[in-house]
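Note sheet for the following structure.
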Amino acid sequence: MKNGVAPVGVSLFAVLFATTIIAAAQQGQTTIKKEPIKTTSPGSGEEMFKSYCASCHGVDAKGNGPAAPALKVSPPDLTLLAQRNGGKYPGAHVEAVLRFGAENYPVHGSKDMPVWGPALASISGGLGSGQTAQRIHNLSQYIETLQVK
């Protein structure tokens, strides 16, 4: 621009944006960037967990993922599911929560965390498809391997 107004405006915006980022960082605020679901192997529960769950639950499934501080409700420690269920892993319940969400777990199905059934169905041929069921089952089986002994 001839009079330099546009570059000054852009520079001012950049300074204000940087100041906002610095202020948010100093206040310990974390924001979550939502992205479309990425396709993973339906046969690998571990790959799906790392792609879909670890950002909130952590790679170790203890509820300490990098996005956890930004959530209203802390993600549960998934390694304790069997322990909280009398020593038996509640596989059918985990699959139901993944597929439909759960009232007892407000983080599932809220704006913070999607109900995974429809999200997985979107890359697997629909909610009733065999591949969606396989994904949910394999993800649940992987979570079972993470249980504390």
- Message: Measuring from atom CG of Leu146 to atom OG1 of Thr79, what distance do you get when rounded to the nearest 0.5 angstrom?
- Response: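 The CG atom of Leu146 sits 7.5 Å away from the OG1 atom of Thr79.
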Are [X] and [Y] close enough that some pair of their side-chain heavy atoms sits under 4.5 Å apart?
| X | Y | value |
| --- | --- | --- |
| Glu95 | His137 | yes |
| Pro90 | Leu81 | yes |
| Leu78 | Phe49 | yes |

Closest heavy-atom pair and its distance - [X], [Y]:
| X | Y | value |
| --- | --- | --- |
| Cys56 | Ala68 | O-CB, 3.6 Å |
| Gln83 | Val148 | NE2-CG2, 4.0 Å |
| Thr40 | Arg135 | O-NH2, 2.8 Å |
| His57 | Pro76 | ND1-O, 3.2 Å |

Going by the side-chain contact (heavy atoms from CB on, under 4.5 Å) test, name the single residue among Ser124, Pro118, Ser122 that passes it with Thr132.
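When Ser124, Pro118, Ser122 are each tested with Thr132, the side-chain contact (heavy atoms from CB on, under 4.5 Å) holds only for Ser124.
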Determine whether a donor-acceptor pair (N or O, by modelled atom type, separation under 3.5 Å) exists between the side chain of [X] and the backbone of [Y].
| X | Y | value |
| --- | --- | --- |
| Tyr89 | Thr145 | no |
| Asn85 | Gly87 | no |
| Glu144 | Ser140 | no |
| Tyr142 | Met48 | no |

Next on the checklist: Hydrophobic cluster membership, with links at side-chain heavy-atom distances under 4.5 Å among I/L/V/M/F/W/Y: are Ile37 and Leu98 in one?
Outcome noted: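 Yes, Ile37 and Leu98 fall within the same hydrophobic cluster.
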Scan for salt bridge (Lys or Arg N to Asp or Glu O under 4.0 Å) pairs involving residues 39-49, sequence neighbours excluded, and state none if there are none.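 Matches after skipping sequence neighbours: Glu46-Lys50.
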Taking side-chain contact (heavy atoms from CB on, under 4.5 Å) as the definition, give me every residue that meets it alongside Ala133, ordered by chain and number, with sequence neighbours left out.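 Scan of Ala133 (side-chain contact (heavy atoms from CB on, under 4.5 Å), adjacent residues dropped) gives Arg99.
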* Give the C-alpha distance, both sets of side-chain angles, the deciding distance and a yes or no for side-chain contact (heavy atoms from CB on, under 4.5 Å) between Cys53 and Leu139. => CA-CA 10 Å; Cys53 310; Leu139 183 52; 4.1 Å; yes
